Amino acid sequence: MQRRDLILHLSRAAAALAWQQVFAPGARAQSADDAGWSESADIFTLGVASGEPQPDTIVLWTRLAPRPLQPDGGMPDRALPVRWEVATDARFTQVVRQGVAVADPAVAHSVHVLVEGLQPGRAYHYRFQAGGQRSPAGRTRTAPDPMEPVRNLRMALASCQHYEHGYFTAHREIADSDVDLVLFVGDYIYTTQAPRHLRVRSHPHVFSDDLAARTLADFRVHHASYKLDDDLRASHAAHPWLMVWDDHEVMPDYAGDTDPYLADRQAFLAVRAAAYKAYFEHMPISPRRVPVDASLPMHGRWRWGQLAELWSLDTRQHRDPAVCSGVHAPMDGKLLWRCDAAAAPQRTVLGQSQEDWLAAGLAGSPCNWKFILQTTQVSPGVIRTPLGEVQYAEGWDAFPAARARLIEAIAQPRVQDVVFLGGDVHRHVAANLRLDPRDARSPIVASEVVTSSISSKGMSELINGWMKASNPDILHMRSDQRGHVLIEVTPQQVRCDFRGTPHPVRPQARFRTQARYVIERGTPGLRRAG
């Protein structure tokens with residue numbers, strides 16, 4: 001183990017011991033007087049959520065915040081007890097697990113409970129109680145037993161929800177859908193303001209233009225302002241979530257420990273540390289994921305019986321910085337043109353450790369289907385022009401060697417039935433993934449499904465058509481609609497319904513199936529259905 005990794009490991013271990021008292025399910029607040037604390041205003045303004053289902057555990061989340069748009073949430077500066085309950089029925093007559101957690105000001109009075117001892121593959125209801133109040137009830141479920149021959153898995157794939165670009169009406173449909181999991185693949189919040197002509201509604205909280213001045217208080221208030229959306233809270237309360245993050249949870253286009261808009265590395269790391277901590281405080285992720293300074297472990301592996309295995313990847317924390325500038329990086333660095341440096345073999349999106357972990361996991365998986373959750377489009381999305389190809393600087397096209405290693409980790413051990421799930425690009429995409437994306441004779445080794453955005457604006461259909469014509473392995477692509485993808489998995493087939501509605505999304509928007517594609521077991525690639 002390298003010295004830097006050893007220091008980080010020891011720091012995280014020390015932090016875990018310190019925070020164990022905060023997150024332990026049976027922990028209690030220190031002062032007896034705190035048990036009598038009460039608040040007349042609603043303290044569960046940000047709702048409830050669950051996530052990271054395992055066969056015998058689930059993570060429950062809430063945050064006490066009677067005045068959520070204040071940095072402290074309007075809470076007293078002391079730790080307070082929060083009672084939690086898990087029941088098998090919606091009326092809570094059959095409570096199977098209960099306890100007391102601590103809402104501590106050190107973590108913005110958020111509560112993360114890792115509930116243990118649950119039964120595999122069944123639905124549960126949960127709620128919290130504090131300050132003389134009871135939270136709304138949430139519904140969740142555990143993963144099936146790893147050896148169970150599960151016949152069905154239903155998932156909603158979502159990404160990119162700029163508050164100002166439209167309403168989160170897609171989450172209302174997701175909340176009402178019969179799904180087992182919500183997969184959110186990045187850009188949960190946006191720290192940027194939309195131009196006036198694109199602004200459907202305004203952020204309740206606006207960040208300072210001074211990037212280095214952004215604080216933990218800023219990120220806490222900003223997260224809270226998103227959670228005040230009724231439809232987003234409903235989606236969290238209805239289903240367990242699996243989360244990955246992208247750049248906008250911190251700053252646009254950041255890579256590893258650098259950001260193109262904040263040259264001072266130490267200043268950026270201070271902002272990243274604040275953003276990571278606020279993210280942890282507001283998401284249903286395990287209390288075992290302890291943020292240490294500007295580091296937070298986010299990749300994970302999840303199993304759904306014998307039917308499916310899912311890998312959630314971190315494509316930002318370990319990414320190499322952007323390359324090329326000037327004429328080779330037009331549109332303020334958003335695109336690359338004749339940028340030879342991008343093809344350097346050592347460049348990485350995931351980091352070597354995560355690449356190795358994923359490759360080993362895929363090669364050894366016994367499940368029917370293997371889903372890789374990551375943030376963006378893996379298949380080529382270049383635009384061919386008379387002057388050469390233009391590439392998206394933030395996607396896998398800008399890391400061709402890393403993409404080749406990723407695909408080889410599937411092709412060389414001949415891992416079957418791999419499906420990539422992504423977001424980021426604000427368009428629905430169904431694509432085939434070849435061993436060599438530049439050779440039409442190269443074998444198809446995996447399939448890809450990319451969701452459009454919940455609300456964030458997409459590119460024009462003119463450019464979209466140009467891109468599709470430049471990349472024949474893209475079978476479906478539309479960027480004029482916002483939405484999500486509903487995915488149904490059976491032992492023999494994956495069905496993907498691309499749900500969409502016109503931009504910008506309005507409060508009463510209706511969603512329709514834009515296209516439906518299926519993936520057959522043992523046959524990599526997608527075909528249109530219906």
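All values reported here derive from a predicted model rather than from experimental measurement. Note that the numbering runs from 1 along the sequence shown for the chain.
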With the threshold set at 4.0 Å, does a side-chain nitrogen-carboxylate oxygen contact exist between Glu249 and Arg316? no
Can you tell if the side chain of Leu242 reaches within under 4.5 Å of the side chain of Pro53, non-hydrogen atoms only? yes
With His162, the ring pair (Phe, Tyr, Trp, His ring centres under 6.0 Å) member among Tyr167, Tyr188, Tyr190: Tyr190
Inspect the contact between Glu394 and Lys334 and indicate whether a charged nitrogen and a carboxylate oxygen are less than 4.0 angstrom apart. no
Is the side chain of Arg482 donor-acceptor paired with the backbone N or O of Gly166 at a distance under 3.5 Å, no angle test? no
Partner residues of Asp187 under the side chain to side chain donor-acceptor pair (under 3.5 Å) criterion, sequence neighbours left out: none
Would you check, one step at a time, whether the test salt bridge (charged side-chain N to carboxylate O under 4.0 Å, His left out) holds for Glu389 with Arg438? CA-CA 12 Å; Glu389 292 182 350; Arg438 293 181 175 275; 3.0 Å; yes
Leu46 versus Leu228, closest heavy-atom pair with distance: CD2-CD2, 3.9 Å
Decide whether Asp436 and Ser442 meet the rule of one side-chain donor and one side-chain acceptor closer than 3.5 Å. no
So, do Thr169 and Thr501 sit near enough that their side-chain heavy atoms are less than 4.5 Å apart? no
Is a donor on one side and an acceptor on the other found under 3.5 Å between the side chain of Arg403 and the backbone of Phe399? no
State plainly whether the residues Arg478 and Asp480 are in salt-bridge range, i.e. N to O under 4.0 Å. yes
Between the side chains of Ser235 and His171, is a donor N or O closer than 3.5 angstrom to an acceptor N or O? yes
Could you tell me whether a side-chain N or O of Asp424 sits under 3.5 Å from a main-chain N or O of Gln377, the two making a donor and an acceptor? no
For the pair Asn471 (side chain) and Met467 (backbone), establish whether a donor and an acceptor sit closer than 3.5 Å, ignoring hydrogens and angles. yes
With distance as the sole test, does Arg139 use its side chain to make a donor-acceptor pair with the main-chain N or O of His239 at under 3.5 Å? no
Could you tell me whether Arg127 and Glu85 make a salt bridge, using a distance below 4.0 angstrom between a side-chain N and a carboxylate O? yes
Quick one: sort the His428 and Phe498 rings into parallel, tilted or perpendicular, breaks at 30° and 60°. perpendicular
Pair Arg272 + Asp257: basic N to acidic O under 4.0 Å: no
Does Gln317 offer a backbone N or O that forms a donor-acceptor pair with the side chain of Asp314 under 3.5 Å? yes
If we ignore angles and hydrogens, is there a donor and acceptor under 3.5 Å between the side chains of Gln492 and Thr490? no
Any side-chain donor paired with an acceptor under 3.5 Å for Arg427 and Ser452? no
Charged N-O contact under 4.0 Å between Arg289 and Glu52: yes
Check whether the side chains of Glu309 and Ser365 place a donor and an acceptor atom closer than 3.5 Å, and report yes or no. yes
Please check if the side chain of Arg434 supplies one atom and the backbone of Ala440 the other of a donor-acceptor pair under 3.5 Å. yes
Verify whether the ring centers belonging to His299 and Trp311 lie closer than 6.0 Å. no
Compute the ring centroids of Trp245 and Tyr276, then answer whether they are less than 6.0 Å apart. yes
Just wondering, do Thr523 and Arg521 contact through their side chains at under 4.5 Å, heavy atoms? no
When the aromatic ring centroids of Phe219 and His223 are compared, is their separation below 6.0 Å? no
Under 3.5 Å donor-acceptor, His165 side chain and Lys457 backbone: yes
Any chance the side chains of Gln306 and Asn368 put a donor and an acceptor closer than 3.5 Å? no
Check the pair Val429 / His476 against side chain to side chain contact (heavy atoms under 4.5 Å, CB included), numbers first and verdict last. CA-CA 5 Å; Val429 177; His476 175 75; over 6 Å; no
Between Thr451 and Ser159, do the side chains contain an N or O donor and an N or O acceptor separated by less than 3.5 Å? no
Please step through side-chain hydrogen bond (donor to acceptor under 3.5 Å, both in side chains) for the pair Glu488 and Asn152, ending with a clear verdict. CA-CA 7 Å; Glu488 183 167 8; Asn152 190 269; 2.7 Å; yes
Report yes if some heavy atom in the side chain of Val419 is under 4.5 Å from a heavy atom in the side chain of Ile519; otherwise report no. yes
Salt bridge or not for Asp497 and Arg495, using N-O below 4.0 Å? yes
For His112 and Glu281, test the side chains for any donor-to-acceptor distance below 3.5 angstrom and give the result as yes or no. no
side-chain contact (heavy atoms from CB on, under 4.5 Å) test vs Thr348 passes for just one of His318, Arg405, Gln354, namely Arg405
Do Ser479 and Glu461 pass the side-chain hydrogen bond (donor to acceptor under 3.5 Å, both in side chains) test, and can you show the C-alpha distance, the side-chain angles, and the key distance before you say yes or no? CA-CA 6 Å; Ser479 59; Glu461 278 297 279; 3.0 Å; yes
Has the side chain of Lys370 got a donor or acceptor atom that lies under 3.5 Å from a matching backbone atom of Leu310? no
Any donor-acceptor pair under 3.5 Å linking the side chain of Ser286 with the backbone of Arg288? yes
Kindly write out the residues that satisfy side chain to side chain contact (heavy atoms under 4.5 Å, CB included) with Pro252, not counting sequence neighbours, or none if the list is empty. Thr191, Thr192, Asp247, His248, Tyr261
Shortest non-hydrogen pair, Ile174 vs Ala158, comes out as CD1-CB, 4.3 Å
For Ile58 and Tyr124, run side chain to side chain contact (heavy atoms under 4.5 Å, CB included): C-alpha distance rounded to whole Å, both residues' side-chain angles, the deciding distance at 0.1 Å, then the answer. CA-CA 10 Å; Ile58 195 75; Tyr124 289 97; over 6 Å; no
Rounding to 0.5 Å, atoms CD (Gln412) and CG (Leu362) come to a distance of 13.5 Å
Taking side chain as C-beta onward, heavy atoms only, is Arg303 less than 4.5 Å from Pro366? yes
State whether the number of non-hydrogen atoms from other residues, nucleotides or ligands found under 6.0 Å of Arg122 atom CZ is greater than 12. yes
Before giving the answer on side-chain hydrogen bond (donor to acceptor under 3.5 Å, both in side chains), spell out for Arg63 and His282 the whole-Å C-alpha distance, their side-chain angles and the decisive distance to 0.1 Å. CA-CA 7 Å; Arg63 181 189 165 200; His282 289 84; 2.8 Å; yes
Sub-4.5 Å side-chain heavy-atom contact between Arg154 and Leu181: no
Residues in side chain to side chain contact (heavy atoms under 4.5 Å, CB included) contact with Asp229, at least two apart in sequence or another chain: Phe168, Arg201, Asp231, Leu232
His484 ring center near Phe511 ring center (under 6.0 Å): yes
Contact between Trp396 and Leu406 at the side-chain level, heavy atoms closer than 4.5 Å - yes or no? yes
Gln514 and Arg512, any side-chain heavy atoms less than 4.5 Å apart: no
Strictly under 6.0 Å, is that where the ring centroids of Trp84 and Tyr126 end up? no
Checking Trp302 against Ser312 for the side-chain hydrogen bond (donor to acceptor under 3.5 Å, both in side chains) test, could you report, in this order, the C-alpha distance in whole Å, the side-chain angles of both residues, the deciding distance, and whether it holds? CA-CA 8 Å; Trp302 321 95; Ser312 55; 3.2 Å; yes
